[in-house]
Amino acid sequence: MSEIIKAPRGTRDILPAESWKWEYVINTAAEVMKDFGFAQIMLPMFEHTELFSRGVGETTDIVEKEMYTFTDRGDRSITLRPEATAGVMRAALENNLCAQGAFAKLWSWGAMFRYERPQKGRYRQFYQIDAECLGIENPEADVEIIDLSIELFRRLGLKNLEVVINSVGCENCRKIYRDKLYEYFSAHKSELCESCLARLERNPLRILDCKNPECGKIADGAPDIYDSLDDDCREHFEKVRAGLERLGFKYRIDKRLVRGLDYYTKTAYEILSGDLGAQNAVAGGGRYDNLANAVGSSVKIPGVGFACGLDRVVLVMEEQACSFGKIPEPEIYVVADDEESRKHAQILTHKLRNAGVHVECDISGRSFKNQIRNASGCKLACIVKDGKFEIRSKDDSGVGIVSKILEREREKFVDIKNVLAQKSTGFVDKALEILEHERDHVTNIKNVLEKKRAGDYSDGIVKLDNLDEAFDYLSANL
RNA sequence: GUGAGUGUAGCGCAAUUGGUUAGAGCUUCGGAUUGUGGUUCCGGCGGUUGAGGGUUCAAGUCCCUUCACUCACCCCA
């Protein structure tokens, strides 16, 4: 027991009980992406370390302490991707997807890796759905990306979401703002928490993000980023806002929203869920106009995109009891009695599956009885016995045996008559007991008869003499 | 990296102030029963109580170490 090797910390197996839900989410995402004109791109899960250290930013937490980095046999420094955007950009540059003013709308999904302490909604190997629009500076691209992410959640049926946006300005604005913040916070050094003191030197914007209430108070009085935005950035932000309003989206502006990755410029946004734990961001994204240059491009390739945490989406959907479509379960269960019947059952199952039907047939050697027990969940059961095929439909259950039950009832009434006639001790109770006991059967008959009145005259049991007939019947009656 | 909580059958749980052979339920498998179809009954499988050490006549229970999980900080999706 204790010797079994376990999955590494922060990783997990998405088991059959869960995986069908994931499939639904990914399929839904694929549909939304198609409707928005985004094409799928599949990327390596590891890249040269430099891509992330330069793209994401040397001073970010991701690069400083969260990357899975190793040296391969060729002495190259390799890193398991901690996020998707840098890789998408790399692929676009390498394959000239944005050459000569062309633009690309790309989406992808897959595993990301970050070395962090796991907790609710956070894993070391986690999954993201990711969409990027490369080569467009126009704010309408920002709006489309935000629209896309909201539409994805709308289709998945998520409730209780909040869209939060901000502008972090371009490189120039940010430099100016950064200096202002540095000046401001330097004057309050003694009141800042330990980590904020470190942030002051490296990235004062992060202090705005601090959840420490003391730091929060000081941050409240900090200079406003909007006073540092130049005309272009301000106009861009206004246009994004106007676009969102045009589409009827509600959003909140949060001046403290600072994305943790250095490449963001201008638009930054997050979609938060109230039904997650402390890790309440279900998606996040924004614009990154100088990522391309950071990873070595000589031409400027602007971009906007977002990433959505799949693990968290599934978590929230479960929390909110959202639909994941249909649970995959067999439409037909083929039950076999003896060795000879098992052979027929096997062939019939094979033929039905050839025809694209989800069929189950026992392969473990279960008893006839247990096979039937298992079949009871299916819409149709085909029982193979003595070379004959008997098909029973779940919906019509019991229809074929009405007469048998009625006969039984008649016997019961005779019993009651006898009991009453004897007038022994407690005879009334005994008679009532018999009637009570049979009440279920009576309502069963009632249901069956009502079905018949509704026009359903099949008796629920179809007897067929050979395999081909059984196949034809089953194919036609799904 | 820091803090708190939890580890007992495949799953979710129980076991008196430390006291006999660690128990039922669900699942699974087999049998009986019926209207051969979600019923009911009987039975089988299933455990080094996360691991290691200590205290004790005696440890699932107390102490230490370690590992894992969970939640939170940090940060993010």
Side-chain angles (χ1 to χ4, degrees), chain A residues 1-10 12 15 17 56 60-66 82-85 109 111-130 149 193-196 198-199 203 206 209-212 257-261 270-273 276-285 305-316 333 335 337 364-378 380-381 383 385 390 392-409 437-438 440-441 444-445 448 460-461:
Chain A
M1 271 284 272
S2 59
E3 284 173 21
I4 292 176
I5 297 171
K6 295 183 198 153
R9 170 163 241 200
R12 58 186 182 145
L15 302 171
V56 175
T60 58
D61 275 17
I62 290 179
V63 171
E64 271 182 350
K65 51 186 195 189
E66 294 174 3
E83 59 96 47
T85 308
W109 78 271
M112 308 294 155
F113 306 86
R114 287 182 205 172
Y115 190 92
E116 295 178 282
R117 265 308 253 287
Q119 69 186 75
K120 186 170 189 176
R122 189 165 77 180
Y123 308 93
R124 289 186 174 176
Q125 175 173 331
F126 60 102
Y127 298 83
Q128 287 187 340
I129 295 170
D130 184 77
S149 55
C193 73
E194 207 172 308
S195 48
C196 279
R199 290 184 184 124
N203 193 351
R206 290 282 188 74
D209 224 12
C210 186
K211 280 165 192 158
N212 184 319
L257 175 64
V258 178
R259 320 279 7 267
L261 287 65
E270 270 182 6
I271 298 182
L272 310 178
S273 166
L276 224 38
Q279 310 304 319
N280 61 352
V282 79
F306 82 95
C308 150
L310 246 175
D311 308 75
R312 291 180 187 179
V313 168
V314 173
L315 218 56
V316 173
Y333 201 110
V335 175
D337 191 16
S364 69
R366 279 201 175 94
S367 69
F368 180 67
K369 180 173 199 83
N370 258 30
Q371 288 181 54
I372 285 189
R373 274 186 185 161
N374 273 292
S376 67
C378 282
L380 289 174
I383 296 159
K385 203 173 180 182
E390 195 176 296
R392 293 164 188 236
S393 120
K394 191 186 176 190
D395 299 335
D396 298 330
S397 107
V399 179
I401 48 183
V402 169
S403 57
K404 277 189 195 171
I405 298 173
L406 286 173
E407 258 168 47
R408 230 163 208 280
E409 293 305 307
H437 186 255
E438 292 303 312
D440 288 350
H441 292 165
N444 195 8
I445 296 172
V448 167
I461 299 175

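This one's a predicted model, so the numbers in the text were calculated from it and none came from an experiment. Worth knowing before you read on, the calculation uses all heavy atoms, side chains too, and leaves out hydrogens, waters and symmetry mates. Every chain is numbered from 1 and lettered A, B, ... according to where its sequence line falls, protein lines coming before strand lines.
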Close N or O pairs between protein and nucleotides 66-70 of chain B (under 3.5 Å):
unit_1: B/C69; atom_1: OP2; unit_2: A/Arg9; atom_2: NE; d: 2.8

Scanning all shown strands, the Watson-Crick or wobble mate of B/U40 with both distances under 3.5 Å is B/A32

Here the gap from A/Leu257 atom CG to A/Leu272 atom CG, rounded to the nearest 0.5 Å, amounts to 8.0 Å

Shortest non-hydrogen pair, A/Gly121 vs A/Arg312, comes out as O-NE, 2.6 Å

Has the side chain of A/Arg114 got a donor or acceptor atom that lies under 3.5 Å from a matching backbone atom of A/Arg124? no

Distance between the C1' atoms of B/A51 and B/U8, in whole angstroms? 14 Å

Taking B/U36, B/A77, B/C73 as options, the one with an atom nearest any side-chain atom of A/Lys385 is B/U36

Closest heavy-atom pair, A/Phe126 versus A/Pro82, reported as atoms and distance to 0.1 Å, is CZ-O, 3.9 Å

Expected list for residues 306-316 of chain A near RNA chain B, using heavy atoms below 4.0 Å, is A/Ala307, A/Gly309, A/Arg312

Partner of B/A24 under the Watson-Crick or G-U wobble criteria, both distances under 3.5 Å, comes out as none

Under 3.5 Å, which protein N or O atoms sit close to an N or O of nucleotides 30-32 of chain B? Give each pair with its distance.
unit_1: B/G30; atom_1: OP1; unit_2: A/Ser367; atom_2: N; d: 3.0
unit_1: B/G30; atom_1: OP2; unit_2: A/Asn370; atom_2: ND2; d: 2.6
unit_1: B/A32; atom_1: N6; unit_2: A/Arg373; atom_2: NH2; d: 3.3

pair_partner(B/U16), Watson-Crick or wobble, both distances < 3.5 Å, evaluates to none

If pairing means Watson-Crick or G-U wobble with both distances under 3.5 Å, then the partner of B/U65 is B/A51

CG (A/Leu310) and CH2 (A/Trp109) are apart, to the nearest 0.5 Å, by 7.0 Å

| task | For A/Glu83, answer base if it contacts any base atom (sugar-phosphate contacts may also be present), sugar-phosphate if it contacts only those atoms, and nothing otherwise; contact means non-hydrogen atoms under 4.0 Å. | result | nothing

Separation between CE (A/Met112) and CD (A/Glu83), nearest 0.5 Å, reads 7.5 Å

Given the P atoms of B/A59 and B/U49, what is the spacing between them in whole Å?
-> 12 Å

Considering only the C1' atoms, how many Å lie between B/A22 and B/A15, rounded to the nearest integer?
-> 7 Å

For this session: Scan A/Gly121 against the nucleic acid and name what it touches under 4.0 Å (heavy atoms): base, sugar-phosphate only, or nothing.
Result: base

**Whole-Å C1' distance, B/U61 and B/U17** = 11 Å

- prompt: Is the side chain of A/Arg122 donor-acceptor paired with the backbone N or O of A/Gln279 at a distance under 3.5 Å, no angle test?
  reply: no

Work out how far the P atom of B/A24 is from that of B/C42, and round it to whole angstrom. 12 Å

Self-check item: P-based separation of B/G44 from B/G23 [nearest Å]
Solution: 13 Å

Between B/G5 and B/A58, how many Å separate the two C1' atoms, rounded to a whole number? 30 Å

Worksheet item: Mind checking the P distance from B/G12 to B/G7? Whole angstroms is fine.
Response: 12 Å

When rounded to the nearest 0.5 Å, the distance separating CD of A/Glu390 from CG of A/Asp337 is 11.0 Å

task: Kindly check if the number of other-residue, nucleotide or ligand heavy atoms within 6.0 Å of OH (A/Tyr115) is above 12?
output: no

Discussion item. Within the 4.0 Å heavy-atom criterion, would you say A/Ala283 contacts the bases, only the backbone, or no part of the nucleic acid?
Written reply: sugar-phosphate

A/Glu66 atom CD is separated from B/G1 atom P, nearest whole Å, by 13 Å

When rounded to the nearest 0.5 Å, the distance separating CZ of A/Phe306 from OG1 of A/Thr85 is 10.5 Å

The residue, A/Ile383 or A/Gly277, whose nearest nucleotide of RNA chain B is more 5′ is A/Ile383

Partner of B/C73 under the Watson-Crick or G-U wobble criteria, both distances under 3.5 Å, comes out as B/G1

Closest heavy-atom pair, A/Leu276 versus A/Ala281, reported as atoms and distance to 0.1 Å, is CD2-O, 4.4 Å

The reported gap from CD1 in A/Ile383 to CD1 in A/Ile372 (rounded to nearest 0.5 angstrom) is 4.5 Å

| said: Check whether A/Tyr123 forms a cation-pi arrangement with A/Arg12 (NZ or CZ under 6.0 Å from the six-membered ring centre, at most 45° off the ring normal). | reply: yes

